[in-house]
K.L.:
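The structure follows.
Every chain is numbered from 1 and lettered A, B, ... according to where its sequence line falls, protein lines coming before strand lines.
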There are 2 protein chains.
Amino acid sequence: MSGSWQQERHGNDISSGSRASDEQIVEQVRRAVLTQRLPPGTRLPEVALGEAFGVSRSVVRKALTRLVANHVAVQRPNQVARIASPDVDETREIFSARRLIEGEVVALMTGSLTQALRQRLAALAEAEKAAFAEGDEERRIEASLAFHHCLAEHSPNRTLGAMLGDLILRTSIVIALYKPADLASCYLEGDHDDLLAQLVAGQPDAARARVQTHLNSLEALLDLRTPTGAIDLGALFGRGQSLSQADA
Amino acid sequence: MSGSWQQERHGNDISSGSRASDEQIVEQVRRAVLTQRLPPGTRLPEVALGEAFGVSRSVVRKALTRLVANHVAVQRPNQVARIASPDVDETREIFSARRLIEGEVVALMTGSLTQALRQRLAALAEAEKAAFAEGDEERRIEASLAFHHCLAEHSPNRTLGAMLGDLILRTSIVIALYKPADLASCYLEGDHDDLLAQLVAGQPDAARARVQTHLNSLEALLDLRTPTGAIDLGALFGRGQSLSQADA
DNA sequence: TGGAGCACCATTGTATACCGGGATTGTATG
DNA sequence: CATACAATCCCGGTATACAATGGTGCTCCA
């Protein structure tokens with residue numbers, strides 16, 4: 001049952017020992033969720049987390065509270081917190097909200113990219129392409145996420161940028177949940193390059209449209225037909241998940 | 001120094017005693033902020049809050065963490081939490097974000113209002129008008145907020161609805177901060193009626209435009225000329241605030 | 001008289017102890 | 001063999017104690 005946290009514990013860069021603050025815990029968990037090392041429904045027991053990060057439950061609780069507020073985790077009274085696993089309706093809503101907000105963000109950025117930012121985005125798009133060519137899906141996801149995250153961080157409107165950051169995270173969750181098992185990668189060739197071209201070309205509405213079709217394509221890759229949580233277990237068995245997300 | 005919490009304590013409906021959960025604390029604080037009984041910069045000491053609600057610091061801390069995550073309060077290490085007081089840049093960003101999101105929400109709702117919802121919105125608009133006519137600004141604000149909050153709650157896209165709810169709250173904060181002292185009311189006559197008309201008429205883009213001009217008018221009422229936090233103190237002295245927000 | 005240094009107090013950060021609820025597992029019975 | 005019941009264990013909820021930090025006001029000296 002305890003399962004996945006052991007992986008976290010010594011499997012990768014999380015914590016590795018002593019004295020993390022709640023800020024660091026949320027950041028680590030967010031990164032783990034983004035890179036899909038923490039699948040939807042994963043249990044997040046306070047004590048286990050505390051031991052993993054070398055702190056007591058107090059700080060873990062604070063971190064969990066923040067994660068719940070960000071819709072990264074869900075918490076029902078007297079039950080262990082879990083990584084959120086939104087149903088299909090919420091998934092569609094998340095994509096819809098993200099189309100709106102990321103569209104606006106890129107529209108606002110269009111034409112005013114610094115040289116450094118343009119180069120960074122280009123490098124990220126290139127890195128994604130390279131990783132895909134090599135078949136390194138994990139690195140490809142990381143680059144793709146970094147691309148979008150870069151947009152969020154450099155949003156002229158920081159409020160929208162923060163919202164976009166949360167939405168990107170939630171998108172990662174639902175992708176992990178609803179990606180068809182037979183789909184090797186969610187790579188959409190050239191989309192990021194095209195978007196970048198629009199961003200520097202200086203056509204806000206065109207850039208907005210680019211982002212929205214990009215997100216539409218992404219959503220279209222997902223298997224959103226299940227009538228909400230019914231065949232859920234079947235889907236879970238399809239991929240190699242442990243029982244850590246039993247009753248999600 | 002301690003000031004404003006005593007007002008809260010026995011001045012109005014907050015707490016009045018025993019055994020509140022963090023949920024209730026968050027809700028009460030949100031309501032108090034909305035109705036501007038808790039001005040920006042107000043200190044929120046953990047012990048005082050705990051006594052007011054009859055709980056210990058643990059639950060207060062959880063509530064504060066959530067309020068901070070929602071940008072209602074700010075918290076710097078080893079210092080008392082305070083109600084947020086955004087600078088003018090952030091204020092503009094909040095309005096901008098709200099125009100985008102509330103515009104989309106009403107566009108989505110247009111044409112599909114239930115009879116009950118239509119009546120409720122009409123009643124709220126009417127209540128606001130009546131309160132304004134009577135010069136009861138507090139009740140007017142409450143009705144106005146309820147109108148927008150009603151939109152947020154009934155958003156077909158619940159994610160956007162939740163975002164809008166937060167934005168409405170933050171808008172209340174910046175209005176309290178930047179409303180010119182000589183302005184008796186932020187009432188925009190007929191705006192809500194017109195919006196409701198557009199909502200039932202079935203013109204999404206028209207409704208969106210209505211909301212956006214409404215919010216533009218509201219933002220235009222504010223005094224956003226100060227070069228960010230410089231004359232801030234002057235503005236604070238202008239209104240009759242106690243020293244509870246000294247170094248905000 | 002004014003400024004710098006210091007001590008005290010207010011308030012937060014962290015850990016821990018105790019309580020209570022829920023889930024799981026084992027057992028007995030139909 | 002299935003199901004219902006019961007005990008146990010795990011885990012979260014709350015309160016409290018202790019440590020640490022920052023702010024305030026006082027005093028002392030120039």
Side-chain angles (χ1 to χ4, degrees), chain A residues 1-6 8-9 15 17-26 29 41-69 72-84 233 242-248, chain B residues 1-6 8-9 15 17-27 29 41-69 73-84 233 242-248:
Chain A
M1 52 172 91
S2 44
S4 38
W5 265 113
Q6 263 55 24
E8 276 332 309
R9 181 67 183 94
S15 97
S18 46
R19 291 284 139 174
S21 72
D22 66 283
E23 185 78 34
Q24 298 168 36
I25 297 180
V26 285
V29 172
T42 306
R43 292 161 49 95
L44 301 171
E46 298 181 355
V47 283
L49 242 48
E51 287 170 6
F53 285 95
V55 295
S56 92
R57 283 178 55 211
S58 313
V59 41
V60 173
R61 285 180 69 80
K62 182 165 185 176
L64 284 178
T65 301
R66 291 176 56 180
L67 289 168
V68 169
V72 177
V74 290
Q75 216 174 10
R76 291 214 300 287
N78 291 316
Q79 273 174 251
V80 280
R82 292 168 178 274
I83 301 294
L233 291 173
S242 77
L243 8 182
S244 56
Q245 44 190 8
D247 60 332
Chain B
M1 53 174 85
S2 42
S4 39
W5 266 112
Q6 263 56 24
E8 271 338 306
R9 182 67 182 95
S15 96
S18 46
R19 290 286 141 174
S21 72
D22 66 283
E23 185 79 34
Q24 298 168 40
I25 297 180
V26 173
E27 197 48 42
V29 172
T42 306
R43 292 161 50 96
L44 302 171
E46 298 179 356
V47 282
L49 242 49
E51 289 170 5
F53 286 95
V55 296
S56 93
R57 282 179 54 212
S58 312
V59 41
V60 173
R61 284 179 72 80
K62 181 163 184 176
L64 284 178
T65 300
R66 291 175 56 179
L67 290 169
V68 169
V74 290
Q75 215 175 11
R76 293 215 297 288
N78 291 315
Q79 273 171 253
V80 277
R82 293 167 177 276
I83 300 295
L233 292 174
S242 77
L243 8 185
S244 56
Q245 43 191 9
D247 59 334

K.L.:
With B:Glu23, which residues qualify under side-chain hydrogen bond (donor to acceptor under 3.5 Å, both in side chains), at least two apart?
P.N.:
B:Arg66
K.L.:
Whole-Å distance between C:dG13 C1' and A:Phe53 CZ?
P.N.:
18 Å
K.L.:
Check the distance between C:dG21's C1' and A:Arg76's CZ and give it to me in whole angstrom.
P.N.:
14 Å
K.L.:
From C-beta outward on B:Ser56, which listed nucleotide comes closest to its side chain: D:dG12, D:dT14, C:dT16?
P.N.:
D:dT14
K.L.:
Within the structure provided, determine whether B:Val26 and B:Leu67 are in side-chain contact (heavy-atom separation under 4.5 Å).
P.N.:
yes
K.L.:
Who are the side-chain hydrogen bond (donor to acceptor under 3.5 Å, both in side chains) partners of B:Glu46, not counting sequence neighbours?
P.N.:
B:Arg57, B:Arg61
K.L.:
Run the side chain to side chain contact (heavy atoms under 4.5 Å, CB included) test against A:Val59 and tell me which residues pass, sequence neighbours left out.
P.N.:
A:Asp22, A:Ile25, A:Val55
K.L.:
I need the CZ-C1' distance between A:Arg82 and C:dG22, as an integer number of Å.
P.N.:
13 Å
K.L.:
Would you say A:Arg43 places a side-chain N or O within less than 4.0 Å of OP1 or OP2 belonging to D:dC11?
P.N.:
yes
K.L.:
Which nucleotide sits closest to the side chain of A:Pro45: C:dA15, D:dG12, D:dT21?
P.N.:
D:dG12
K.L.:
Atom CG of B:Leu49 and atom P of C:dT11: how far apart are they, to the nearest Å?
P.N.:
12 Å
K.L.:
To the nearest angstrom, how far is B:Gln75 atom CD from D:dT21 atom C1'?
P.N.:
15 Å
K.L.:
Rounded off to whole Å, could you give me the CD-to-C1' distance for the A:Gln79 and C:dG22 pair?
P.N.:
7 Å
K.L.:
Which parts of residues 57-68 of chain B get close to DNA chain D, meaning a heavy atom less than 4.0 angstrom away?
P.N.:
B:Arg57, B:Ser58, B:Val59
K.L.:
Of all the nucleotides listed (C:dA15, D:dC11, C:dG13), which has the minimum atom distance to the side chain of B:Glu46?
P.N.:
C:dG13
K.L.:
Whenever both distances are under 3.5 Å in a Watson-Crick or G-U wobble pair, mark it; put DNA chain C into dot-bracket that way, with [ ] for crossing pairs and | when the partner is on another strand.
P.N.:
||||||||||||||||||||||||||||||
K.L.:
B:Asn78 has an atom CG; how far is it from atom C1' of D:dT21, in whole Å?
P.N.:
5 Å
K.L.:
If I take atom CD in residue B:Glu51 and atom P in nucleotide D:dT16, what distance separates them, rounded to the nearest angstrom?
P.N.:
12 Å
K.L.:
Under the criterion side chain to side chain contact (heavy atoms under 4.5 Å, CB included), which of B:Val60, B:Val80, B:Ile83 is the partner of B:Leu44?
P.N.:
B:Ile83
K.L.:
What heavy-atom pair brings B:Arg82 and B:Gly41 nearest, and what distance separates the two atoms?
P.N.:
NH1-O, 2.9 Å
